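Following: one structure in structure tokens, then a few remarks.
In what follows, every chain begins at residue 1, and chains take the letters A, B, ... in the order their sequences are listed. Note that the structure is predicted; figures quoted are calculated from it, not measured.
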Amino acid sequence: MKNDILQALQIVSPIQLEEQMLVRPAHAKLGDFALPCFQFAKVLRKSPVAIAEEIAASVKHPLIQKAEAVNGYVNLFLNREVIATALLQTVLQKSATYGSSNEGNSGVVTIDLSSPNIAKPFSMGHLRSTVIGNSIALLLEKNGYQPVKINYIGDWGTQFGKLLTAYRKWGNEEDVRQAPIETLLKLYIRFHEEAESVPSLNDEGRAAFKALEDGDTDALALWEWFKTESLKEFQRIYDLLGVTFDSYNGEAYYNDKMEPVVQQLEDKGLLVESDGAMVVQLEEDMPPCLIKKSDGATLYATRDLAAATDRKNNYDFVKSIYVVGNEQSLHFTQIKKVLGKMGHEWENDITHVPFGLILQGGKKMSTRKGKIVLLEKVLKEAIGLAQKNIEEKNPALANQSDVAEAVGVGAILFSDLKQHRKHDIEFNLETMLQVEGETGPYAQYANARAHSILRKAGEANTFDVVEVNDYEWETIKLLEQFPLAVKRAANDLDPSIIAKYAVDLAQAFNSFYGNVPVLSDEANLPYRASLVRCVTIVLTESMRLLGMKAPEEM
RNA sequence: GUCUCAGUAGCUCAGUAGGAUAGAGCAACAGCCUUCUAAGCUGUGGGUCGGGGGUUCGAAUCCCUCCUGGGACGCCA
């Protein structure tokens with residue numbers, strides 16, 4: 001639509017126009033599009049006011065109803081009825097595929113997301129990675145890519161040496177059987193507390209990890225056990241969130257895939273010794289990348305290099321995305337540099353999608369100090385609150401527990417996805433549980449109300465648009481922008497664009513049905529019901545792209 | 001100290017391919033349930049866009065500089 005307008009202006013413009021020159025006016029009263037003419041004044045040696053007046057006087061196009069020159073701007077008012085008719089027909093016809101594209105040309109994109117650590121609780125931080133990654137996968141899919149979601153479980157590393165040490169010193173089988181993650185977490189916290197006064201514990205931990213890596217049977221058995229119990233607990237959360245994965249290949253999966261990478265680094269002369277450890281030197285302003293510890297054990301970077309190579313070989317990705325916290329930015333820069341030095345030109349296809357930390361009291365939460373908020377508790381609380389709301393507001397509702405789950409989980413998901421990824425978030429349960437204003441339940445409620453109207457409106461096969469009022473027009477303009485929002489969100493790998501869009505659309509729709517009768521105005525019923533239908537289509541699809549459910553009744 | 005991310009209303013945040021009077025939500029206050037579900041709608045008040053320079057017809061947006069906060073910075077992941 002914007003291009004049509006631009007072409008119409010181009011015909012009468014004395015200057016070559018570009019897409020970004022056409023802007024949206026500050027207020028709806030000023031029109032639907034505007035062309036500021038100040039930028040042309042110098043070239044044309046005429047006042048912007050005069051230029052705007054000339055353009056406004058001569059522009060002509062079926063989509064443009066009126067053009068006004070105001071203070072150097074050409075303000076354009078579109079032909080609402082023509083646009084509304086075409087748009088509603090398009091949305092009705094395309095339904096859920098409205099806004100889809102095949103821009104991605106079926107290229108595979110691997111997405112590293114969630115990646116919780118074994119023997120540690122699923123924290124709020126993992127929630128961000130999980131829901132942002134999941135939404136990015138859905139967005140890429142809608143744009144024609146083939147996403148592959150990889151849950152790179154943190155099931156290897158020195159931390160397990162520490163945990164094994166702690167378990168052997170203070171733990172017992174019975175407690176772990178009773179409450180696996182809780183017990184293991186306590187042991188882990190105790191380890192770090194005691195290590196502060198007894199630093200030799202850290203050496204013991206490292207030695208235990210070395211033993212694990214060398215295949216010690218006893219250590220391996222314990223590790224397997226911890227892992228099985230943890231995964232069971234994680235699965236409960238994934239079920240609630242409605243997130244699935246294409247691969248659960250965690251860090252341990254790469255144990256036998258690191259040596260070839262290390263060998264390659266050595267063959268290319270990139271590996272050098274430094275203080276007993278093996279490192280790859282990078283640019284001056286960047287610390288070297290540690291490949292092997294002085295005791296010969298591997299490190300995080302070693303595994304990530306092996307994993308990146310393995311993913312390229314297996315999936316031949318066009319893009320490889322890592323949805324991992326801000327604090328690991330340096331790590332990923334280093335990984336890319338090392339891959340580049342190895343001669344892999346696909347280092348450029350690797351993208352770290354960082355996100356802000358969840359803070360408590362302005363500080364990072366730390367598992368080691370036991371400062372952590374459990375996601376499962378938060379989800380349960382949100383679902384409980386939704387259930388309470390249903391009992392109060394709509395006690396006759398069927399499938400109450402399903403709806404409560406959809407709404408409770410939706411509230412949590414949305415509160416996370418609506419803000420830009422890079423913002424640190426101060427943890428605030430109250431904010432997350434909100435159901436009014438710019439929230440998930442608000443969008444869900446608008447959609448439920450729309451469905452409610454449709455249930456009473458009956459089926460209409462055709463509609464005529466006689467006149468589009470301001471409420472309808474705002475809603476229609478938003479519907480028109482959905483494909484653009486989808487494209488931007490996919491390109492920027494930023495679900496918050498869709499979340500904000502969903503709120504905007506819900507607001508416009510709420511305002512519309514709060515002020516305009518749908519059912520009681522029979523002449524306009526087919527048209528307005530069609531508009532409502534389109535709103536449900538686009539709202540539902542928006543929420544789907546965020547990983548949220550959109551109940552038809554709540 | 002170096003690198004990096006951020007700083008917009010009392011609070012949480014949009015807006016950052018430069019455009020008109022900087023917008024929402026929450027909280028506060030005032031209305032609206034005999035009319036499509038009040039998880040809603042309508043209205044009011046609320047601002048040195050961290051400070052200071054610069055570029056531009058025009059800057060919250062671009063550049064420089066300073067201040068504040070988060071995070072990272074070799075044997076954790």
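- The glycosidic torsion of B:rC5 lies more than 90° away from 0, which places this base in the anti conformation.
- Taking the centre and axis of the six-membered ring of A:Y152, the NZ or CZ atom of A:R311 falls inside the cone set by 45° and 6.0 Å.
- For the residue pair A:H126 / A:S123, a side-chain donor-acceptor distance below 3.5 Å is found, with atom types taken as modelled.
- Rounded to whole Å, the distance from CZ on A:F332 to P on B:rA77 is 13 Å.
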Report all interatomic pairs (protein N or O, nucleotide N or O of nucleotides 35-38 of chain B) with separations under 3.5 Å.
{"unit_1": "B:rC36", "atom_1": "O3'", "unit_2": "A:K456", "atom_2": "NZ", "d": "3.0"}
{"unit_1": "B:rC36", "atom_1": "O2", "unit_2": "A:L519", "atom_2": "N", "d": "3.3"}
{"unit_1": "B:rC36", "atom_1": "N3", "unit_2": "A:V518", "atom_2": "N", "d": "3.3"}
{"unit_1": "B:rC36", "atom_1": "N4", "unit_2": "A:Y513", "atom_2": "O", "d": "2.3"}
{"unit_1": "B:rC36", "atom_1": "N4", "unit_2": "A:V516", "atom_2": "O", "d": "2.7"}
{"unit_1": "B:rU37", "atom_1": "OP1", "unit_2": "A:S452", "atom_2": "OG", "d": "2.5"}
{"unit_1": "B:rU37", "atom_1": "OP2", "unit_2": "A:K456", "atom_2": "NZ", "d": "2.8"}
{"unit_1": "B:rU37", "atom_1": "O2'", "unit_2": "A:Y445", "atom_2": "OH", "d": "2.4"}
{"unit_1": "B:rU37", "atom_1": "O2'", "unit_2": "A:R449", "atom_2": "NH1", "d": "3.1"}
{"unit_1": "B:rU37", "atom_1": "N3", "unit_2": "A:M554", "atom_2": "O", "d": "2.5"}
{"unit_1": "B:rU37", "atom_1": "O4", "unit_2": "A:M554", "atom_2": "N", "d": "2.9"}
{"unit_1": "B:rU37", "atom_1": "O4", "unit_2": "A:M554", "atom_2": "O", "d": "3.2"}
{"unit_1": "B:rA38", "atom_1": "OP2", "unit_2": "A:R449", "atom_2": "NH1", "d": "2.9"}
{"unit_1": "B:rA38", "atom_1": "OP2", "unit_2": "A:R449", "atom_2": "NH2", "d": "3.2"}

What are the atom names and distances for every N/O pair under 3.5 Å that joins the protein to nucleotides 56-62 of chain B?
{"unit_1": "B:rC57", "atom_1": "OP1", "unit_2": "A:K42", "atom_2": "NZ", "d": "2.8"}

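- Checked options A:D416, A:L546, A:I412; the residue passing with A:V131 is A:D416 (criterion: side chain to side chain contact (heavy atoms under 4.5 Å, CB included)).
- OP1 or OP2 of B:rA14 sits under 4.0 Å from a side-chain N or O of A:H423.
- The CG-P distance, from A:D424 to B:rC5, rounds to 13 Å in whole Å.
- Among B:rA14, B:rA72, B:rA77, the nucleotide with an atom closest to any side-chain atom of A:L330 is B:rA72.
- The phosphate of B:rU42 (OP1 or OP2) has a side-chain N or O of A:S511 nearer than 4.0 angstrom.
- The phosphate of B:rA77 has OP1 or OP2 within less than 4.0 Å of a side-chain N or O from A:T158.
- One can place CZ of A:F355 at 13 Å from P of B:rA72, the figure rounded to the nearest angstrom.
- Applying the 4.0 Å criterion to OP1 and OP2 of B:rA77, one finds that A:Q159 has every side-chain N and O outside that range.
- For the 3.5 Å distance criterion, the side chains of A:Y527 and A:E472 qualify, holding a donor opposite an acceptor.
- Residue A:F160 contributes atom CZ, which lies 10 Å from atom P of B:rA77 at whole-angstrom precision.
- At whole-Å resolution of the value, CD in A:Q419 and P in B:rG15 are 11 Å apart.
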Worksheet item: So what is the 5' to 3' dot-bracket string for RNA chain B, if pairs are Watson-Crick or G-U wobble with both distances under 3.5 Å, crossing pairs use [ ] and | means the partner sits on another strand?
Response: (((((((..((((.....[...)))).(((((.......))))).....(((((..]....))))))))))))....
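- Rounded to whole Å, atom P of B:rG25 lies 13 Å from atom CZ of A:F414.
- In terms of the side-chain contact (heavy atoms from CB on, under 4.5 Å) criterion, residue partners of A:V435 (sequence neighbours excluded) are, by chain and number, A:N389, A:P441.
- A close approach under 4.0 Å does occur between a side-chain nitrogen or oxygen of A:N510 and OP1 or OP2 of B:rC41.
- For the pair A:L163 CG and B:rC76 C1', the computed distance is 14 Å after rounding to whole Å.
- Under 4.0 angstrom from either OP1 or OP2 of B:rC76 there lies at least one side-chain N or O belonging to A:K293.
- For B:rG74, neither phosphate oxygen OP1 nor OP2 lies less than 4.0 angstrom from any side-chain nitrogen or oxygen of A:S274.
- Residue order along RNA chain B, read from the 5' end via each residue's closest nucleotide, puts A:R488 first among A:D295 and A:R488.
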Pick out the pairs of N or O atoms, protein on one side and nucleotides 20-23 of chain B on the other, that lie under 3.5 Å.
{"unit_1": "B:rA20", "atom_1": "O4'", "unit_2": "A:Y73", "atom_2": "OH", "d": "3.3"}
{"unit_1": "B:rA20", "atom_1": "N6", "unit_2": "A:N75", "atom_2": "OD1", "d": "2.6"}
{"unit_1": "B:rA20", "atom_1": "N1", "unit_2": "A:N75", "atom_2": "OD1", "d": "3.1"}
{"unit_1": "B:rA20", "atom_1": "N1", "unit_2": "A:N75", "atom_2": "ND2", "d": "3.2"}

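- Ring-centre distance between A:Y73 and A:F38: below the 6.0 Å cut-off.
- Between A:I153 and A:I118 the shortest heavy-atom distance is CG2-CD1, 3.5 Å.
- If you measure from atom CG of A:D504 to atom P of B:rA14, you get 13 Å, rounded to the nearest angstrom.
- For A:K227 and A:D155, the salt-bridge test passes: some basic side-chain N is under 4.0 Å from an acidic carboxylate O.
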Enumerate all atom pairs, one protein N or O and one N or O from nucleotides 27-33 of chain B, separated by less than 3.5 Å.
none

Practice prompt. Take A:E213 and A:K210 through the test salt bridge (charged side-chain N to carboxylate O under 4.0 Å, His left out) and record every step on the way to the result.
Written response: CA-CA 5 Å; A:E213 196 156 47; A:K210 185 72 169 77; 5.8 Å; no
